[in-house]
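Read the structure below first, then the notes.
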Amino acid sequence: MAGPISLPLYEKLPQKNTVQRVLDVTIFFLLLTLLAYRILSLKSNGLISWLLALLCESWFTFVWVVILSSKWNPVVYRTYPERLLFWIDELPPVDMFVTTADPTLEPPIITVNTVLSLLAVDYPANKLACYVSDDGCSPLTFYALLEASKFAKLWVPFCKKYGFHTRAPFRYFYDEEESPHDNSTEFIREYTKIKDEYEVLTRKIEDATEKSIPCDLSSEEFVAFSDIERSNHPSIIKVILENKEGLVDGLPHLIYVSREKCPKYPHHYKAGALNVLTRVSGAMTNAPFILNVDCDMYANNSQIVFHAMCLLLGCKNGQDFAFAQSPQVFHDGLKDDPLGNQLVATQKYIGEGISGLQGPYYSGTGCFHRRKVLYGLWPDGRMETGGRSPNCVAGKLTDEGLRQSFGHSKEFSKTVERSLSGLSGKADCPYDLSSSAEAANQVADCGYECGTSWGTKIGWIYGSTSEDILTGLKIHARGWRSAECKPDPPAFLGCAPSGGPASLTQQKRWVTGLLEILFSKNNPFIATLTAKLQFRQCLAYMYILSWGLRSIPELCYTALPAYCIIANSHFLPKVEEPAFLILAALFAIYNLHSLLEYCRIGLSIRTWWNNQRMGRITTITAWFFGFLHVILKLLGLSETVFEVTQKNQSSAPGDDNHKDAGRFTFNESPIFVPATTLVLVHLVAMVKALLNLTHGRHESRIGEMICNVWLLLCFLPFLKGPFKKGKYGIPSSTICKSAALAAVFVHLCKRVSIA
């Protein structure tokens with residue numbers, strides 16, 4: 001029998017998918033057959049509608065090729081954390097980053113629960129340090145963390161003593177599934193005491209939130225927050241908890257960081273905040289591994305650090321995986337996913353498929369990084385800033401090269417050298433954080449990055465609001481691989497947007513950032529030709545980067561049925577023609593295939609339908625506006641604005657029976673105009689189709705009429721919107737704009753039919 005040290009820390013398990021592959025290839029064959037039919041019959045049909053259909057269907061075929069390539073070789077990684085201590089003598093330190101930007105949109109109680117869950121994970125406390133970046137420079141956030149640190153002295157030992165998985169108190173105390181199972185008198189007494197303390201903590205934070213000034217800014221702890229502006233203030237770095245004795249069963253370090261901001265320096269949103277955390281943590285603790293999470297993504301699996309270390313330490317050469325990414329999973333998801341934003345099926349099939357290539361995307365949260373990879377190291381030991389530069393010797397940076405690439409801080413440069421050499425921590429005592437305060441404040445200055453490689457070659461990469469995808473792409477382009485860390489229970493849980501405007505705003509921001517990458521020098525095709533990005537990994541990146549581009553052909557294709565009915569044209573073959581069977585088979589097999597995918601992973605038919613219709617709605621609204629925004633930016637007519645998504649967290653998880661749950665809501669944003677216009681146009685087309693039926697003129701447009709009904713079903717919230725009130729109804733201003741656009745469209749269709 002093999003000894004423990006000879007057993008692997010993880011296994012890569014290919015997934016069987018024969019039926020899925022057969023259906024995927026069948027759909028691809030039908031798409032090619034449809035294109036051939038379009039080309040051969042182009043001259044004998046209406047040029048506008050037929051040519052437009054050909055162009056759209058060509059794009060759909062390309063997208064299917066990308067999906068096919070991405071899904072073809074699915075794998076999952078199974079980790080064995082119980083074997084880790086047989087492999088290594090000492091567990092490596094980990095720096096944990098939590099980012100928040102706005103105490104209004106991201107309430108401090110959410111950040112507090114995330115921080116508490118990280119402080120309580122099953123890992124030696126002397127190996128952990130938690131850094132919280134507050135880009136809002138809010139005394140309320142600092143106050144909440146200060147109070148949470150007092151509660152942590154009770155919470156963390158309680159978690160470690162009884163060993164339950166859920167380490168976020170709001171989930172543990174209020175989720176019925178997490179109700180206490182230990183009936184001993186001692187446990188009940190401790191449970192009741194700590195629950196009462198958590199309720200006190202919650203009330204304190206809620207009371208502070210209601211005040212214009214949450215605390216006395218003249219006190220020693222808060223004086224740094226007096227007379228400051230959110231976008232113009234010096235750096236504030238405060239050590240809230242410090243494990244000075246290096247106790248294994250103590251509390252991890254907890255450090256509050258609000259970087260310096262000045263109007264004349266760009267701050268680069270979340271990417272800039274993470275780069276500051278990277279430098280501050282490098283100056284203070286310098287762990288070889290970094291975990292970053294959003295403020296709403298709490299640790300749901302207490303063993304997650306062990307699982308991630310299995311992937312990052314279990315490689316044969318120690319350098320295979322640059323990062324271990326956990327999929328985004330959401331707590332208290334609405335039943336049947338009415339807003340289509342839980343992404344369960346996408347992460348299952350696309351996520352596992354990409355894991356079989358160079359590895360999953362970096363998705364911005366729930367990810368463990370190698371610090372030296374973020375510092376620009378290649379798998380072969382070269383530096384990203386290397387090559388033939390006079391600042392490099394044998395591919396390694398000289399002292400001058402370190403200063404030019406990483407900044408002028410000598411203390412920080414020393415820790416960079418240690419990290420690139422494979423050493424962790426600092427040369428001096430790693431627990432004396434106060435001695436690093438000056439260096440930490442220096443590297444948090446807003447002008448520190450000027451003239452360096454931060455944001456271009458090292459750290460989180462600038463140039464896109466989707467800094468996560470861009471940073472992961474640059475890492476993969478250097479030849480690194482990544483792994484999906486998918487333990488059971490899920491590693492992290494977050495909250496998904498709960499309303500139509502919030503969900504679409506988030507999608508618009510994503511698409512804007514993705515298109516910024518696609519239309520830049522960081523395009524994955526360029527990385528494939530000039531660097532080490534594999535071709536199929538390039539296609540996998542095109543799957544997500546092309547989201548915004550899909551809005552144009554999809555908008556055109558969804559408008560075609562209405563155009564053909566109004567203009568007395570057609571873009572589909574007649575029912576009696578054999579070619580009609582191609583489209584019918586394609587429609588039926590595609591929907592059956594996607595339905596089977598959902599059912600195979602335990603999702604309901606209603607979930608499948610909600611995702612189908614929201615896919616159409618999101619593409620026509622959020623993705624379309626993201627595309628327009630990037631075009632205006634490329635033309636110099638607009639600037640990118642990072643829009644923070646509203647985070648919601650009830651005090652009693654699982655209570656989603658409030659009146660807004662699952663109902664589509666609207667506001668006066670122009671993002672709803674395209675879909676409303678489309679619905680109005682299809683209603684006009686339906687009326688005309690019904691009039692044609694009464695006169696017996698229906699023989700050539702049965703296919704278009706079926707599409708008309710199908711699209712109205714997909715856009716049902718917009719069909720009902722004009723008849724509802726308040727936020728559940730479409731605002732009158734949106735209806736007026738859409739009606740005007742619809743009238744123009746109908747007029748042009750009639751002009752075409754007359755011509």
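In this chain, residues are counted from 1 in sequence order. Please read all numbers here as calculations on a predicted model, not as lab measurements. Atom set for the values below is all heavy atoms of this structure, side chains included, hydrogens, waters and symmetry mates excluded.
- At distances below 3.5 Å, not a single donor-acceptor pair connects side-chain atoms of Asn708 with backbone N or O atoms of Glu704.
- No side-chain heavy atom of Thr114 sits under 4.5 Å from any side-chain heavy atom of Met297.
- With sequence neighbours excluded, the residues that form a ring-ring contact (aromatic ring centres under 6.0 Å, His included) with Phe571 are Tyr557.
- With sequence neighbours excluded, no residue forms a ring-ring contact (aromatic ring centres under 6.0 Å, His included) with Phe535.
- Here Phe330 pairs with nothing under the ring-ring contact (aromatic ring centres under 6.0 Å, His included) rule; sequence neighbours left out.
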Test log, rule side chain to side chain donor-acceptor pair (under 3.5 Å), inputs Thr465 and Thr512:
CA-CA 7 Å; Thr465 53; Thr512 300; 5.7 Å; no
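- A cation-pi arrangement is found for Arg663 relative to Tyr728, the charged atom lying closer than 6.0 Å to the ring centre and inside a 45° cone about the ring normal.
- Under the 30°/60° scheme for interplanar angles, the aromatic rings of Trp59 and Phe62 are found to be tilted.
- Annotation: side chain of Tyr362 is not in contact with side chain of Leu470 (no heavy-atom distance under 4.5 Å).
- Judged by distance alone, the side chain of Asn667 and the main-chain N or O of Ser669 form a donor-acceptor pair under 3.5 Å.
- Annotation: side chain of Lys71 is in contact with side chain of Ile350 (closest heavy-atom distance under 4.5 Å).
- Taking the six-membered ring wherever Trp is involved, the centroid distance between the rings of His682 and Phe718 does not fall below 6.0 Å.
- In this structure, a donor-acceptor pair under 3.5 Å is present between the side chains of Tyr37 and Glu577.
- The aromatic rings of Phe323 and His476 sit tilted, their planes meeting at an angle between 30° and 60°.
- The shortest distance between side-chain heavy atoms of Lys574 and Phe580 does not fall below 4.5 Å.
- Below 30°, between 30° and 60°, or above 60°: for Trp609 and Trp710 the angle between ring planes is above 60°, a perpendicular geometry.
- Of the possible polar contacts, one joining the Ser604 side chain to the Thr607 backbone as a donor-acceptor pair under 3.5 Å is found.
- Annotation: cation-pi pair Arg167/Phe164 present, NZ/CZ under 6.0 Å from the ring centroid and within 45° of its normal.
- Counting non-hydrogen atoms of neighbouring residues, nucleotides and ligands closer than 6.0 angstrom, the CZ atom of Arg606 reaches no more than 12 such neighbours.
- Judged purely by atom type and a 3.5 angstrom limit, Arg83 uses its side chain to pair as donor or acceptor with the backbone of Pro8.
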Before you tell me yes or no, could you show the steps for Lys348 and Arg600 under side chain to side chain contact (heavy atoms under 4.5 Å, CB included), namely the whole-Å CA-CA distance, both residues' side-chain angles and the distance that decides it to 0.1 Å?
CA-CA 11 Å; Lys348 166 67 177 176; Arg600 195 179 299 135; over 6 Å; no
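- Of the possible polar contacts, none joining the Arg38 side chain to the Trp50 backbone as a donor-acceptor pair under 3.5 Å is found.
- Proximity of a side-chain donor or acceptor of Lys727 to a complementary backbone N or O of Thr665 within less than 3.5 Å is not detected.
- When only modelled atom types and interatomic distance are considered, Thr618 and Trp623 share no side-chain donor-acceptor pair under 3.5 Å.
- Between Trp64 and Tyr590, the ring planes lie perpendicular to each other; the angle is over 60°, past the 30° to 60° tilted range.
- Counting only distance, with no hydrogens or angles, the side chain of Gln325 and the backbone of Ser363 share a donor-acceptor pair below 3.5 Å.
- For Asn292 (side chain) and Gly364 (main-chain N/O), a donor-acceptor pair under 3.5 Å exists by modelled atom type.
- With 3.5 Å as the limit, one finds a donor-acceptor pair spanning the side chains of Ser69 and Arg536.
- Tyr77 and Tyr10 have perpendicular rings, their planes meeting at more than 60° on a 0 to 90° scale where under 30° would count as parallel.
- The pair Asp488-Arg78 fails the salt-bridge criterion, with no side-chain N (NZ, NE, NH1 or NH2) lying under 4.0 Å from an Asp/Glu carboxylate O.
- The number of heavy atoms from other shown groups lying within 6.0 Å of NZ (Lys720) does not exceed 12.
- In this structure, the side chain of Asn301 engages the main chain of Gln303 through a donor-acceptor pair within 3.5 Å.
- Taking a 6.0 Å sphere around CD1 of Ile605, one finds it holds 12 or fewer heavy atoms contributed by other residues, nucleotides or ligands.
- A donor-acceptor pair is defined here as one N or O able to donate and one able to accept, closer than 3.5 Å; such a pair exists between the side chain of Gln347 and the backbone of Gln328.
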